[in-house]
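Remarks on the structure that follows.
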Amino acid sequence: MPAQAEHPADEIRRLRRCISDLVSVLALPAIWRGGEPVQIVRALLDTLFAMLRLDLVYVRLNDPAGKPPIEMVRVDRSPELMARQDEIGKLLDHCLGPDPRQWVPLVPGRIDEGDMSIVSLQLGMQGDIGVIVAGSQRADFPSQTERLLLSVAANQTALGLQEARLLGEQKRVAGELDQRVALRTRELAATNEKLRRSEAFLAEAQRLSSTGAFYWYAATGEIAWSAEVYRIFGLDPETPATLDLIVSRLHPEDVAAFQEMLVRQRRESRDFEHDHRLLMPDGSVKYLHEVCHATHDPEGELVYIGAVQDVSQRRLSEEALAKMQSELAHVARVTTLGVMTASIAHEVNQPLSGIITNASTCLRMLAADPPNVDGALETARRTIRDGHRASDVITRLRSLFARKETATESVDLNEAAREVIALSLSNLQRNRVMLRTELADDLPTVTGDRVQLQQVILNLLVNASDAMSEVEDRARQLEIRTARDEGNGVRLAVQDAGAGFAPQGADKLFEPFYTTKSGGMGIGLWVSRSIVESHHGRLWAAANDGPGATFSFSIPRRPAEAATKNP
Ligand code: ADP
């Protein structure tokens, strides 16, 4: 405060200067806007140093993260002061102790010869941002105006620094966020790429295996198909999948079964498999196999997730294989019967000679005088009986020689065996085979193809007879037994006293083209096994305790009761 009253003109000049300095200080934020704290402090030091003609300005900025503070100092460049930097340091140490509350606002200290007045101002609340120290050797320092300018400058600086810190923090957070976003974007891109690749693999696998995937909401009928299902159905992938669309592609004969399946699955909510055909626009037929798993979505709606496979190729191969097997089976049967031609001829010849003898007797009786009508009638009856016998043999042979599609009928295995025995009797007798039969009374009928099963029995009989053809030291005993099998099926066994086979070699006998006979084809047992298996049964061979072997087969009563419990 001036000691005595000022001249008005001086006062006005002083006030003007003060206002102009105040404006300069207030303009500082515009200069340092957006700048770093160090730039702000530098601008402050320059302004104060020039404006207040100071000998010393010092600013210390605390680091919010606890790092060492930033210190900046500006001193008058006069050689005297430059030479006294240590003293300035001591002075500052003295007035800026560790506790800001203890700081002395005005320290008259001695620098060189003269006193230096020091003013310290805290930046921020209790100096949390830092401190400004201004020093001058002028005797009137700090005047009232200088105090005002210093405190306004300190406030502006504190605000500016706070803003700069906030801005820095914002920049740091934004930078961190940018980094995280970039990292996340890279991760997402990598995941997307992985997903794209695994989808491509899946699509390729679906294409290779001709298997498509789909889901079906049973209640709403909503359906979605993978690209492969569209390909199988020969439809444009843009076409919305609907049940009507599927039905429009179904083979007309399969529509009813498909609709029934839909109704059942809507009601039952169970995993299921379904086979059906497609009739394609070019008239070709595709065979499809579907496997579906019933599940529920998070809302509890029943949804089927399924796979549909185009099995046309497999089906065609299976059909071709079945055809080939049936042709081979026929060849095997005809060959077996061929072997028996002599005895079959004998079988037919016997009733034929009976017919001729009886017809001659009949003629003789009628030509007698008086004619022996009763005797003639009796011999005519015998002629008819023998005619029937011959005709029966021919009928049996015809059915065995004929090549028919596989039939499904009710077969009495005892009856079928008796017919085969009747045809084979002469053959067996010629080979001096003694036949014993033990046919069970309570045998249930089985469902299957009678002629095919007779082929199996015939094959086993011929093999048994062949196996005993060289036996001389014992009876050529052959036994045919039928019995009810466990699980309500039937079993037939043919036991011989022949050469038998090596115990380890049982499976080999059933291999195609395996034969130990000079004129054998080695397909009889292989065909027989495939026939029995097509009846869901089993055919196997066992060495007897004594000489010879026993070949047996078992067949479940109905195809569904597959025989799995046989030894
Ligand atoms: P093939 O009679 O034309 O040889 P099979 O397939 O019927 O063809 O029989 C294959 C082979 O199994 C026979 O060659 C024979 O070695 C053996 N085999 C078949 N039945 C018997 C049997 N009852 N006893 C011993 N070996 C047999």
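When all heavy atoms of S226 and Q206 are compared, the pair lying nearest together is OG-OE1, 2.7 Å.
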Using residues 519-529 as the side-chain source, report each donor-acceptor pair under 3.5 Å to any protein atom, sequence neighbours left out, with the distance given to one decimal.
unit_1 : atom_1 : unit_2 : atom_2 : d
S528   : OG     : N459   : ND2    : 3.2
S528   : OG     : G524   : O      : 2.8
R529   : NE     : L539   : O      : 3.4
R529   : NH2    : L539   : O      : 3.1

I'd like a table of donor-acceptor pairs (distance under 3.5 Å, sequence neighbours excluded) in which one partner is a side-chain atom from residues 248-256, with atom names and distances.
unit_1 : atom_1 : unit_2 : atom_2 : d
S248   : OG     : L245   : O      : 2.6
R249   : NE     : F233   : O      : 2.7
R249   : NH2    : F233   : O      : 3.4
R249   : NH2    : G234   : O      : 3.0
H251   : ND1    : E253   : N      : 3.2
E253   : OE1    : R277   : NH2    : 3.0
D254   : OD1    : R277   : NH2    : 3.0
D254   : OD2    : R277   : N      : 2.7
D254   : OD2    : R277   : NE     : 3.0

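Rounding to the nearest 0.5 Å places CG of N427 at 13.0 Å from CD1 of I421.
By the 4.0 Å N-to-carboxylate-O rule, R432 lies close enough to E472 to be salt-bridged with it. Using a cut-off of 4.0 Å between Lys/Arg side-chain N and Asp/Glu carboxylate O, E260 and R264 are scored as not salt-bridged.
For S284, the side chain to side chain contact (heavy atoms under 4.5 Å, CB included) test picks out M280, D282, with sequence neighbours left out. Applying the salt bridge (charged side-chain N to carboxylate O under 4.0 Å, His left out) rule to E511 yields no partners; only residues at least two apart in sequence or on another chain are considered. When the salt bridge (charged side-chain N to carboxylate O under 4.0 Å, His left out) test is applied to E199, no partner is found at least two apart in sequence or on another chain. Checked against side chain to side chain contact (heavy atoms under 4.5 Å, CB included), T445 has the following partners two or more places apart in sequence or in another chain: S410, D412. A467 pairs by the side chain to side chain contact (heavy atoms under 4.5 Å, CB included) definition with D496, not counting sequence neighbours. Residues forming a salt bridge (charged side-chain N to carboxylate O under 4.0 Å, His left out) with D442 (at least two apart in sequence, or on another chain): R484. Under the ring-ring contact (aromatic ring centres under 6.0 Å, His included) criterion, Y514 pairs with no residue, sequence neighbours left out.
S534 is listed as a side-chain neighbour of Q452, based on a closest heavy-atom distance under 4.5 Å. No side-chain heavy atom of S465 sits less than 4.5 Å from a side-chain heavy atom of N463. For the pair R231 and S210, the minimum side-chain heavy-atom distance is below 4.5 Å. Residues L288 and I232 form a side-chain contact, since some pair of their non-hydrogen atoms from C-beta on lies under 4.5 Å apart. No side-chain heavy atom of T408 sits under 4.5 Å from any side-chain heavy atom of D449. At least one side-chain heavy atom of M468 sits less than 4.5 Å from a side-chain heavy atom of V433.
Applying the ring-ring contact (aromatic ring centres under 6.0 Å, His included) definition to pairs two or more places apart or across chains, those involving residues 279-305 are W216-Y304, F272-Y304. Identified under the side chain to side chain donor-acceptor pair (under 3.5 Å) test for residues 360-375, with sequence neighbours left out: none. Applying the side chain to side chain donor-acceptor pair (under 3.5 Å) test to every pair with at least one member in residues 235-245, sequence neighbours left out, gives no pairs at all.
Proximity of a side-chain donor or acceptor of R382 to a complementary backbone N or O of L377 within less than 3.5 Å is not detected. A donor-acceptor pair is defined here as one N or O able to donate and one able to accept, closer than 3.5 Å; no such pair exists between the side chain of S554 and the backbone of R491.
No hydrogens or angles considered: a donor-acceptor pair under 3.5 Å links the side chains of H276 and E290. Counted by atom type alone, R436 and Q477 present zero donor-acceptor pairs between their side chains at under 3.5 Å.
Between R450 and the options E419, E409, E415, Q455, a side-chain hydrogen bond (donor to acceptor under 3.5 Å, both in side chains) holds for only E419.
Atom CG of D441 sits in a sparse spot, with 12 or fewer heavy atoms from other residues, nucleotides or ligands closer than 6.0 Å. Atom CD of E193 is surrounded by more than 12 heavy atoms from other residues, nucleotides or ligands within 6.0 Å. Counting non-hydrogen atoms of neighbouring residues, nucleotides and ligands closer than 6.0 angstrom, the NZ atom of K517 exceeds 12 such neighbours. Atom CG of N192 is surrounded by more than 12 heavy atoms from other residues, nucleotides or ligands within 6.0 Å. For Q313, the CD atom sits in a loose shell: 12 or fewer heavy atoms of surrounding residues, nucleotides or ligands are nearer than 6.0 Å. Heavy atoms of other residues, nucleotides or ligands lying less than 6.0 angstrom from CZ of R270 number 12 at most.
Ring centroids of F214 and W225 are separated by 6.0 Å or more, keeping the two rings apart.
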